Amino acid sequence: MKDNNIDHIIELSNELRWQIGDEFHDNLTESIYADAAEIVKDSVKTQDGEKRFRLDAKIDKIVTSKTWGFPIMFLILGTVLWLTIVGANYPSSLLASLLLDTVHPILRSGADSVQMPWWLSGFLIDGVYLAVAWVIAVMLPPMAIFFPMFTLLEDFGYLPRVAFNLDSLFNKSGAHGKQALTMSMGFGCNAAGVVATRIIDSPRERLIAIITNNFSLCNGRWPTQILIATIFIGAVVPKSLSSFASLLAVIGIAVLGMAFMFGVSWALSKTVLRGEVSTFNLELPPYRPPRFWKTIYTSLIDRTAIVLWRAIVFAAPAGAVIWLISNIHVGGDETIAAWLINGMDGFGFLLGLNGVILLAYIVAIPANEIVIPTILMLTVMVTGIGGGAGAGVMFELDSINATGDILKAGGWTLLTAINLMLFSLLHNPCSTTIYTIYKETNSVKWTTVASVMPVILGFVVTFLVAQIWRLIF
Amino acid sequence: METYSPIFALVIFFIAVALLYVLFRPVKGWFWIIKKAFHTNEKVIIEDVLKQLYHFETSKNKVDMKTLVQVLDFKHADIVEAIKKMTINDLIYSESDVLKLTEEGRDYALRIVRVHRLWERYLADKTGIHKKEWHDRAESMEHRLSHDEAEELAAHLGHPKFDPHGDPIPTKTGKMASVHGVELPLLPIGSVGKITHIEDEPEVIYKQILAEHIYMGSMLKVIENNATRIVFESEGEVFKLAPIVAANLTVALIEKEVVLEDNVARLSSLKINETAKILGISRENRGESRRRLLDLGFVKGSSVSIDLLNPLGNPNAYLIKGTSIALRKDQASKILIKKD
Amino acid sequence: METNVKSACETCGLYNKAGLKKLGIHTDNFDFVVALAGNPNTGKSTVFNALTGLKQHTGNWPGKTVTRAEGGFEYNTQKYKLVDLPGTYSLLSTSEDEETARDFILFGKPDVTVIVADANRLERNLNLVLQILEITDKAVLCLNLMDEAERNKVDIDIRTLSRDLGIPVVPTSARFNRGIPELIQTISEIASGKIVCKPHRIKNVPKNIEKAVKTLTENIEKEFPNIPNSRWIAFRLLEGDKQIINALRTGEFI
Ligand SMILES: Nc1nc2c(ncn2[C@@H]2O[C@H](COP(=O)(O)OP(=O)(O)OP(=O)(O)O)[C@@H](O)[C@H]2O)c(=O)[nH]1
Ligand SMILES: [Mg+2]
């Protein structure tokens, strides 16, 4: 019997295992390395022994030094953000005026000339097209700057040094040092960050990394932060300092996100994900000069295009939904949107936000990028001021001042702005990320935790900030 | 909205938080306590009784109802009820007040012991859960794994013969390997041996041993042995234990002339600009992480030096076989070296 | 071309540039499956991109690739499916992060395994190379990052290395497309059976283990007479590897 023979072989192996003792693995690896050493001795000649490349060692001394390690890290983060914020400004408004002010009217009149029914043109052109156009205008420029810079750093070999520097903090919060790498990936896109957690070899720490990846401010959320910081935070300081102040505010939010990531990792590993920190090992690769143009080209063509495409795919149906809820009436003459906004206004007030913002976040679950235009559109609808393009039409006002005016007319204060920035950091991950989390963990439970926990945190934090703010001012 | 004031809102919020805390705080939260009370069922009591009887039997002690009630953490009435049931089911019988296991009862008890020790082995080899927690987790797991699951687990672990404390794991058919060695205080000065068992009860003494960082499978050499203390050297460090603590360590003498390396040190003690040769990885480092270290080149004979110091002190990067590899301090402390 | 040294073959054909077509993601109707294995950060994805024309993400840190990627190329009218794998340090472990790669190398039955190694750190890379050579005899060592090795003054005698390992060794700098033609040519020759390798088997095994391995190997070979890697299976059985035990039961090993 074949099966019997196989069972016999397995029995035999179990028996032999106990005879040769538990050093088997060690012995085998040692033998392999001994073979390797012999082969290498035969065929490889090195000039300076096992010394690492000189220049590498010098760079490493600086970027991991006690005095310079952390300042350099923040300086690099700051520079990347600064270039993204400042550099994206101009192309962004150019795209906005092209797609929204020029192409949109053309499409509209085109639709009129072929006598498209109002609801169809409204649905397609004011709903779907505008959402897509907005996403392109707002997301493309920062992404086209952020991704290549990030890729250059990645190719140079700097990321593992960040993980090296930060590991002690991760260790203290019960997490894995490689979470620094997945966190960095998350600054681009949380879904990508979640997939990248596969490099973490212990299941407990990997789960922590997955759940907390959402605290890395992703590309869909940077523009919101930047816009709100520019309008409201930049306005409270003298003009000459305003862009610096808004940069600081955005960096502050990003750093706060990291603080939350450490805190939540710590809390998780003290409660539901209890267990000792397991091992950590990280190979520090040699520095490699990145190939500048090729990197820029590929990250523009590949990464940017792919993420953008995803955003568009999700933005289109969201745009349609926005248009629908603000044009379909329930009961009397209240639209679904108005009805929902009124219903949520009280809760929104408690959080220092308002019903409009909450509704916008519900609509924007598929793509965080469309939060701001949704808010603007809904605000116009509720306050009834002019400036928009009609019910359910998403738009971006070309001038930041005009945007600010509309929001202030909608009852926004500095508190609303701050809490919106906080809530943009602390809310549920986008639908793609949720789906990715489900695929990676294969567990409804953890997917739910990862999706709901940040919102609850967001509620708590904005609530506390709102109450304290109101007590003080 | 008229009643709103920030203070009022905050007060309600903090009351809610406090309530949630009381209900759900780890271990002592009311919710957990109630849940646990709900879950102590008869099966658990029966199995714990069997296990206790088995342990008393192997240590050649007699046990009656009173002692049993003392050692078990259940309500008196529940235990009495369980014992009645067990007698009816022929798992135990009593002989002039002394409770004894029937053949069937012993088999059952062995199965529980098997699951317990397998689970400890699993926790040790495959998870990062701390030693201190192994016992308690295994205590609850032993009632939950079915026979097939236990077999699956055993196969997954490669049919281990000993649990991480060195206690033998009963096989499927109830056979057990024996532990080699004698209690440490019985060894004469100068003898060289390997730790084959660390007793995990009583807990105070076990904790003390853990705190000393004495590991299963480590080699040791007795330096001093008298009524007040026992001093031995292991993995480059000198340990001093009271005889009562040392008695919890079982050591198998090494017959052959093995030279215990002098000047053994731990990788974590390496200073910058020093180089060293690797002697091996401490037995304490098991399973996946041990394999990974070996694969990364931390094998006997490789030379190693510090490549980078961490700005926060931990982890440091070590240069090994031409590559810089960062390791946390606790891992580095389990790699044994000899400085050049 | 002078670096293109083959161990078992003296009649190698020359590289036929016109015969190469990068097929991108089109991998249907392939004739051969080629796996790209190797330590992390040795340039597997870069080699993959060079061969298929695709743009698999690369990055200078170990662990960039975490899922397997497939692409195709056509050479001399034969179609090849190329599989880019996450980096692995070893096939001996059971760690989760290396599972994808390990599974494919062991059970994916590739026709050719291209082992990408870092020329600057050959010794540590050989750990994996020697393990793979226990499993398959259709392998080629792609000695990548040769440009860096030259800069670091690491001098490798390709001919000796190839003789010691018993498989062809092709030095490359994938980033600059150097050595890629030779690699393609070698892959095609191994696939078609023109090159027959006699791979190195692990030697320095302690006596007691060698004895146990021998006993097991004999038993395995009695059961499966034509199996090329009975020794590897014996190693894994001694380790108690469940996957191998299952594979033995179902008979689906390489
Ligand atoms: N100088 C030089 N750099 C190279 C060469 N090949 C690859 N690289 C660089 O090495 C780094 C790693 O390359 P990858 O292709 O991502 O390595 P990989 O083996 O796929 O890595 P993992 O997916 O993490 O296992 C990248 O920054 C490449 O640009 C080469 O031949 N020369
Ligand atoms: Mg790769």
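Per chain, numbering begins at 1; letters A, B, ... match sequence-line order. Nothing here was measured: the structure is a model prediction, and the numbers come from that model. Heavy atoms only: backbone and side chains are in, while hydrogens, waters and symmetry mates are out.
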Chain A contacts, top residue of C:Leu238, C:Asp157, C:Leu126, C:Val154 (heavy-atom pairs, under 4.5 Å): C:Leu238
Side chain, backbone, both or neither of A:Ile39 within contact of chain C (heavy atoms, under 4.5 Å): both
Heavy-atom side-chain proximity of C:Asp97 to A:Ile200 below 4.5 angstrom: no
Side chain to side chain donor-acceptor pair (under 3.5 Å) against C:Glu70, all qualifying residues, sequence neighbours excluded: C:Arg68
Donor + acceptor pair across side chains of A:Thr433, A:Asn190 (<3.5 Å): no
Side-chain H-bond candidate by donor/acceptor type, A:Tyr287 with C:Asn60, under 3.5 Å: no
Test log, rule side-chain contact (heavy atoms from CB on, under 4.5 Å), inputs A:Phe150 and A:Leu159: CA-CA 9 Å; A:Phe150 190 79; A:Leu159 292 192; 4.0 Å; yes
Region of A:Glu15 in contact with chain C, defined by heavy-atom distances below 4.5 Å: neither
Modelled atom types, side-chain donor and acceptor of C:Gln131 and C:Asn127, under 3.5 Å: yes
Chain A contact via C:Thr67 - side chain, backbone, both or neither, heavy atoms under 4.5 Å: both
Residue C:Leu161 versus chain A: region with a heavy atom under 4.5 Å: both
Pairs of heavy atoms under 4.5 Å with chain C: top-ranked of A:Ala36, A:Ser31, A:Pro203: A:Ser31
Contact summary for C:Ile156 and C:Ala119, nearest pair of heavy atoms: CD1-O, 3.5 Å
C:Thr172 and C:Asn144 side chains, donor-acceptor separation under 3.5 Å: yes
Which portion of A:Phe156 sits near chain C, non-hydrogen atoms under 4.5 angstrom: backbone
Residues of residues 199-207 of chain C within contact distance of chain A, non-hydrogen under 4.5 Å: C:His200, C:Arg201, C:Ile202, C:Lys203, C:Asn204, C:Val205, C:Pro206
Counterpart residues, side chain to side chain donor-acceptor pair (under 3.5 Å), relative to C:Asp118 (two or more places apart): C:Asn120, C:Arg121
Part of A:Leu181 lying under 4.5 Å from any heavy atom of chain C: side chain
Best-contacting candidate, A:Asp35, A:Asp42, A:Leu153, A:Asp155, against chain C by heavy atom pairs under 4.5 angstrom: A:Asp35
C:Glu148 portion near chain A, given a 4.5 angstrom heavy-atom threshold: side chain
When C:Val66, C:Thr100, C:Thr160 are compared by non-hydrogen pairs under 4.5 Å with chain A, the top option: C:Val66
Heavy-atom proximity to chain C below 4.5 Å, by part of A:Ile32: both
Polar side chain donor-acceptor pair, C:Glu150 to C:Ser173, under 3.5 angstrom: no
Steps toward salt bridge (Lys or Arg N to Asp or Glu O under 4.0 Å) verdict (C:Arg231, C:Glu210): CA-CA 10 Å; C:Arg231 190 157 174 249; C:Glu210 192 61 69; 3.5 Å; yes
Pair C:Ser45, C:Thr65: side-chain N/O donor-acceptor within cut-off below 3.5 Å: yes
All side chain to side chain donor-acceptor pair (under 3.5 Å) counterparts of A:Glu440, not counting sequence neighbours: A:Arg198, A:Arg206
Contacting moiety of C:Glu99, where chain A heavy atoms sit under 4.5 Å: neither
Proximal component of C:Leu145, with respect to chain A [non-hydrogen, under 4.5 Å]: side chain
Between C:Ala149, C:Ala212, C:Gly87, the one whose heavy-atom pairs under 4.5 Å with chain A are most numerous: C:Ala212
